[in-house]
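See structure below.
Each chain gets a letter, A, B and so on, in the order its sequence line appears, and its residues count up from 1.
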Amino acid sequence: MADKKFYLTTPIFYPNAKLHLGHAYTTTVSDILVRYHRLMGEKTYFLTGSDENTQKMVDAARKDGKEPLEFLDGIVARFSSLFSELSISYDQFIRTTDQKAHWPGAQALWQKLVEAGDIYKKEYEGLYCVGHEAFITEKDLVDGKCPDHGTAPEFIKEENYFFRLSKYSDAIRQKIESDELLIVPATRKKEILSFIAQGLEDVSFSRPRKADWPQGLGIPVPGDDSQVMYVWCDALSNYITALGYGQGGELYEEFWPGMHVIGKDILRFHAAIWPGMLLSAGLPLPKTLLVHGFITSGGKKMSKTLGNVIDPEELLAEYGTDAVRCFLARHISPFEDGDITREAFKDAYNADLANGLGNLSARIMQLAATHLEQGTRPEAAEFPAEYIQAMEKFEINKAAEFIWSRIQALDQKITEQAPFKLVKTDLEAGKKIIFDLTQELYVIGCMLNPIMPETSKKIKDAVAANQKPENLFARHD
RNA sequence: AGCGGGGUGGAGCAGUAGUAGCUCGUCAGGCUCAUAACCUGAAGGUCGCAGGUGCAAUUCCUGCCCCCGCAACCA
């Protein structure tokens, strides 16, 4: 058990805008899983980062009147400030513009694909839409313009490198079917298998270096400085470059392969292109892909025009870190789309935290502080099987549900056994009940560790100190 | 068009071939240790529609209807 390893990554995020609730969700789910495995005594490594070599970022920077690299530093600082407010316990933040940490590994991986004979040059011509950052076909056009962006596409003829993904369709399918590459939930596995069954096409793997990209942006293709890597080798590779792949990294030897937490929109890249690259390079595939859904608000996708955007920063400022983590963990399924509104958040906060956990802690610890002589810090808390099973299956909402069923059971127990009454007639019997309550509260504190690290500590400390904690969660009305 | 997800008491969700559960809300009662909290009970659903297979379907199959996402700030 002690030498079990757990490596988990989030996607790397686009630094052209600030992070929204969806990013906060991915990262929080990831953090809960990592903290759980850490709690189980495993050696963990938790990676997150930013995907920086992109045209959209350059555009956003210029629009902001900043040089891209300077702009990036500012955005990345905001990322880490959000992560810190969310108590995200990552070990490393990888940036794809990092020429020391990232580039050598990405280039080493490219080289492997070349050696495997899977990189070839191809002339490509077509209509390129700048807004899409992609080629579009003539039949997409309306009046000669891109219907989404209202601009005429440029006719581009360029030579690019391609990756022979088609060669790996069968091998990838086999790995996924056999769960060697486990895709959770099963519906996503089915979805990607039906996609792969159509046969995978080779993918464009590089772009000509753009004149307006500064030095330091875009990873040069080994042996061809006129080209930079396209997103696949540039970004997906972060999962191993961060561990020092290609640079004799010990972390790589120790932790790869691990698991990726991703949103449903990037399933294809992670379940088709990325495994294809790894197969070509002769490297192990990730063990698990956890694919979560999107967070909607009022049943609709959050959008500025609808005005239903919920900003994680605002929620954090109003309710605090653990309250936000608790909502995301308990009320959003890690496998499907989930919904949040301010009203629902407030209701859940009052029910789960103020009336539930907070009030229970207060009533038990008030009794304990009044009637017990001293606190206790139980040696090793037993984790109930239901909790373990849910967490192992990544069902953090069910794990949370289980904790709250325990909270309810304790409230019932206090009412039924009425230790506050019993102490007046049979002090010892009353004290025994109160002591038991503190022990059970302590276990709840332990189980809460991954989901609500701060609250977990406060509860355990309160039991240890035999003191009623400060009001943990004040009601919001 | 195609692909994917979903339609279950007022709201949000679980769930299973055989008396339909949970949370919130509502109503009534109880308790007083606690954060006007907590506990108990009640009302409220023909489980989208129509067929089919089964002794039996909300649960399996077929068809249909409706909603949502796949295009934006994107996980």
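At the heavy-atom level, Glu395(A) lies nowhere under 4.0 Å from the strands shown. Contact annotation for Glu416(A): no contact, since no heavy-atom pair falls under 4.0 Å across all strands. Among the heavy atoms of the strands, none lies under 4.0 Å from Lys190(A). Counting any heavy atom pair closer than 4.0 Å across all strands shown, Leu472(A) reaches a base atom. Counting any heavy atom pair closer than 4.0 Å across all strands shown, Ala344(A) reaches no nucleic acid atom. Here Asp411(A) lies in heavy-atom contact (under 4.0 Å) with sugar-phosphate atoms only. Nucleic acid contact class of Ile295(A) (heavy atoms, under 4.0 Å, all strands): base.
Residue Gln412(A) places none of its side-chain N or O atoms closer than 4.0 Å to OP1 or OP2 of C38(B). For the OP1/OP2 pair of C24(B) and a distance below 4.0 Å, the side-chain nitrogens and oxygens of Lys346(A) include no atom meeting the criterion.
Side-chain N/O atoms of His102(A) and Thr96(A) include no donor and acceptor closer than 3.5 Å.
The side chain of Asn359(A) lies closest to U35(B) when the candidates are U35(B), A75(B), G4(B).
Using the Watson-Crick or G-U wobble rule with both distances under 3.5 Å, C38(B) pairs with G30(B).
For a distance-only test at 3.5 Å, the side chain of Asn471(A) qualifies as a donor-acceptor partner of the base of U35(B).
Taking every heavy atom of both residues into account, Thr415(A) and Arg363(A) meet most closely at OG1-NH2, 4.1 Å.
In this structure, Arg38(A) is not positioned above the aromatic face of Phe6(A) in the sense of NZ or CZ being under 6.0 Å from the six-membered ring centre and within 45° of the axis.
Salt bridge absent: Arg188(A) and Glu336(A) never bring a charged side-chain N and a carboxylate O closer than 4.0 Å.
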